[in-house]
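What follows is one structure encoded as structure tokens, with my remarks underneath.
Each residue takes its place number in the sequence, starting with 1. When a ligand or atom number is given, it counts from 1 through the structure's own listing order.
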Amino acid sequence: TRSTRPQRLLKAVKQHATRGDPQSVISAIDHFCRHREWAMNVGDEKGCILDSVVSELNPEKVLELGTYCGYSTVRIARLLPPGARLITLEFNPDYAVIARQVIAWAGIEDKVQLVEGASEDWIPRMKEHFGIETFDLVFLDHWKDHYLPDTKLMEGCGLLRKGTVLLADNVICPGVPDYLEYVRNSRSYKSCYFKSHLEYTRAEDGLEKSVFLG
Ligand SMILES: C[S@@+](CC[C@H](N)C(=O)[O-])C[C@H]1O[C@@H](n2cnc3c(N)ncnc32)[C@H](O)[C@@H]1O
Ligand SMILES: O=C(c1ccccc1)c1ccc(O)c(O)c1[N+](=O)[O-]
Ligand SMILES: [Mg+2]
């Protein structure tokens, strides 16, 4: 039977990236998605904005909502200080199988915990199951109708502290209007928009950075 796009993306990583070299994994995926098959990774342009937010914050505890093939997981984890941890949630088992191999190829598996399951089921279990008090950074990049309910769930579960940064992908394309209205009008957040483009295209898109004020 025909292979899947994530399987073909993993093959490109194994063919063109060097084991243990996260940057080569990132470059191999970007080349594949720009020249062979588009895929919904955050991509190189928005990825540089993601890099700058991570580097500036130097987070100890990071949560990623939506792993897919692990591209942004590798982007974030490669910048984390020793001892820092990234928990990434993915509810599609076929994607999780690929992501684990991409993360392993990059050699950053010791910083990453990939949890197979739905964000709404796992957010309430972060404290008792992972011993997490609060997150320093959350990268929202799962289905767009989940951004707002999951943000409210994280607030309710006490997973956000004064200064926690929420970084949301795709606030223009495909767009997350309800989430954007919430974080831009709520007194509990200070938000700003980083204009960019939809990965590997000329369409406008961007990242919204929202700092929780408590
Ligand atoms: C755009 S892709 C993630 C891309 C990845 N962050 C990157 O930039 O490389 C969105 C992923 O979120 C997953 N997803 C969607 N809703 C989810 C949920 N509620 N819980 C866990 N995973 C979810 C999908 O299966 C899909 O793999
Ligand atoms: O929703 C899509 C989508 C819609 C239609 C076809 C393909 C993808 C999408 C597009 C770009 C993204 O960066 C992204 O995170 C997503 N997503 O699924 O979460
Ligand atoms: Mg996205």
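The nearest heavy-atom contact from the protein to atom 20 (N) of ligand 1 is Ser119 N, 2.9 Å. Taking atom 14 (N) of ligand 1 as the reference point, the nearest protein heavy-atom neighbour is Phe91 CE1, 3.5 Å.
Distances shorter than 4.0 angstrom occur between a heavy atom of Thr67 and an atom of ligand 1. Under a 4.0 Å heavy-atom criterion, Gly43 is not in contact with ligand 1.
Close contacts between ligand 2 and Glu199 involve ligand atoms 11 (C), 12 (C), 13 (O) [criterion: under 4.0 Å to a heavy atom]. Distances below 4.0 Å separate heavy atoms of Lys144 from the following atoms of ligand 2: 14 (C), 15 (O), 16 (C), 17 (N), 19 (O). The distance from ligand 2 to the heavy atoms of Asp169 drops below 4.0 Å at these ligand atoms: 13 (O).
A salt bridge links Glu199 with Lys46: the closest approach of a Lys/Arg side-chain nitrogen to an acidic carboxylate oxygen falls below 4.0 angstrom.
Residue Arg161 qualifies as enclosed at atom CZ: its count of foreign heavy atoms under 6.0 Å is above 12. Heavy atoms from other residues, nucleotides or ligands lying under 6.0 Å from NZ of Lys127 number more than 12.
Protein heavy atoms come within 4.0 Å of atom 14 (C) of ligand 2.
Contacts of Tyr71 with ligand 1, taken as heavy-atom pairs under 4.0 Å, involve both backbone and side chain. Counting heavy atoms closer than 4.0 Å to ligand 1, residue His146 contributes side-chain atoms (C-beta onward) but none from N, CA, C or O.
Nearest to atom 25 (O) of ligand 1 by heavy atom, out of Glu90, Lys46, His142, Arg75, is Glu90. Among Asn170, Leu140, Thr201, the residue whose heavy atom sits closest to atom 12 (C) of ligand 2 is Asn170.
Checked against a 3.5 angstrom limit, the closest N/O atoms of Ala118 and ligand 1 fall outside it.
Closer than 2.8 Å to the Mg ion (ligand 3) sit the protein N, O or S atoms Asp141 OD1, Asp169 OD2, Asn170 OD1.
Aromatic pair His142/Tyr147: centroids less than 6.0 angstrom apart.
In the hydrophobic clustering of this structure, Leu137 groups with Leu207; members are Ile, Leu, Val, Met, Phe, Trp, Tyr whose side-chain heavy atoms approach within less than 4.5 Å, directly or through other members.
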